[in-house]
Amino acid sequence: MIPLDTRQLFRAEFPALPDRAAAVRRMVAGHLRDWRLGAIVDHVVLATNELFANAVEHGSSGPADTVTITVSLERFGRELRVEVADGSPVVPVARTPEPTEESGRGLAIVEDLAADWGTEPPDPGVRGKKVWFTLPLVATS
């Protein structure tokens with residue numbers, strides 16, 4: 001069990017390629033299970049997958065770019081935060097696609113699953129942006 005006053009963090013960088021999405025999902029799910037957060041795995045994996053897909057499609061200029069996934073667990077804050085950073089400074093905008101459109105629902109999915117989400121500038125010395133979401137942690141016995 002993780003003590004209530006600790007912070008855990010993992011960060012991984014992936015090529016900005018759609019076929020890396022499965023590896024992102026496996027990595028996030030594995031870490032959450034290691035942290036004994038199995039109850040929220042599905043929501044976190046789905047929301048992270050949507051942000052990764054957006055970063056690949058809209059936030060990269062090609063396969064040489066990378067997307068950084070950061071997941072932090074703050075037990076004292078009782079919150080899990082996921083950040084997806086890409087090289088584009090363009091801030092994503094949620095939209096309402098037509099029912100027949102095959103894409104355009106990613107941010108709506110994140111908004112439905114997460115307690116909060118938003119964007120922020122990249123780390124110092126890095127170009128682009130971060131898109132993040134948070135989920136509250138539920139007490140487990």
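Note that the structure is predicted; figures quoted are calculated from it, not measured. Note that these values count all heavy atoms, side chains included, but never hydrogens, waters or copies made by symmetry.
Note that the CG atom of Leu51 and the CD atom of Glu83 stand 11.0 Å from one another [nearest 0.5 Å]. Annotation: the span from Leu137 atom CG to Glu79 atom CD amounts to 8.0 Å, rounded to 0.5 Å. With rounding to the nearest 0.5 Å, the separation of CG in Leu37 from CG in Leu80 is 6.5 Å. Rounded to the nearest 0.5 Å, atoms CZ (Phe52) and CG (Leu17) are 7.5 Å apart. Separation of atoms CG (Asp65) and CZ (Arg127) is listed at 5.5 Å; rounding is to 0.5 Å.
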Practice problem: Carefully, step by step, assess Leu9 and Thr70 under the rule side chain to side chain contact (heavy atoms under 4.5 Å, CB included). | Solution: CA-CA 7 Å; Leu9 172 82; Thr70 304; 3.3 Å; yes
Practice problem: Could you walk me through whether Phe133 and Glu111 pass side chain to side chain contact (heavy atoms under 4.5 Å, CB included), step by step? | Solution: CA-CA 8 Å; Phe133 69 88; Glu111 189 170 289; over 6 Å; no
Quiz item: Is there a side chain to side chain contact (heavy atoms under 4.5 Å, CB included) between Ser88 and Lys129 once you walk through the steps?
Solution: CA-CA 6 Å; Ser88 171; Lys129 67 176 168 308; 3.8 Å; yes
Practice problem: For side chain to side chain contact (heavy atoms under 4.5 Å, CB included), just list the numbers for Leu135 and His43, CA-CA rounded to whole Å, side-chain angles, deciding distance to a tenth of an Å, and then say yes or no. | Solution: CA-CA 9 Å; Leu135 281 172; His43 286 150; 4.3 Å; yes
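Of the listed residues (Ile40, Val24, Val28, Val82), just one forms a side-chain contact (heavy atoms from CB on, under 4.5 Å) with Val45, and that residue is Val28. Of the options Val91, Thr119, Val110, Asn54, a side-chain contact (heavy atoms from CB on, under 4.5 Å) to Val131 is made by Thr119 and by none of the others.
In terms of the side-chain hydrogen bond (donor to acceptor under 3.5 Å, both in side chains) criterion, Trp132 has no residue partners (sequence neighbours excluded). With sequence neighbours excluded, the residues forming a side chain to side chain contact (heavy atoms under 4.5 Å, CB included) with Ala23 are Phe14, Arg26, listed by chain and number. Under the side-chain hydrogen bond (donor to acceptor under 3.5 Å, both in side chains) criterion, Thr96 pairs with no residue, sequence neighbours left out. Every residue two or more places apart in sequence or in another chain that forms a side-chain hydrogen bond (donor to acceptor under 3.5 Å, both in side chains) with Arg95 is listed here: Glu101.
Across Ala94 and Leu107, no two heavy atoms sit closer than the pair N-CD1, 3.6 Å. The two atoms that bring Ala115 and Pro136 nearest to each other are CB-CD, 3.7 Å, heavy atoms only.
A salt bridge is absent between Lys130 and Asp86; no separation between the charged side-chain nitrogens and carboxylate oxygens falls under 4.0 Å. The residues Arg11 and Glu13 are annotated as not salt-bridged, no charged nitrogen and carboxylate oxygen being separated by less than 4.0 angstrom.
Under the 4.5 Å side-chain criterion, counting only non-hydrogen atoms from C-beta, Ile69 is in contact with Met27.
Residue pairs meeting the salt bridge (charged side-chain N to carboxylate O under 4.0 Å, His left out) criterion with at least one member in residues 39-61: none, sequence neighbours excluded.
Residue Ile109 shares its hydrophobic cluster (ILVMFWY side chains chained together at separations under 4.5 Å) with Leu46, Leu113.
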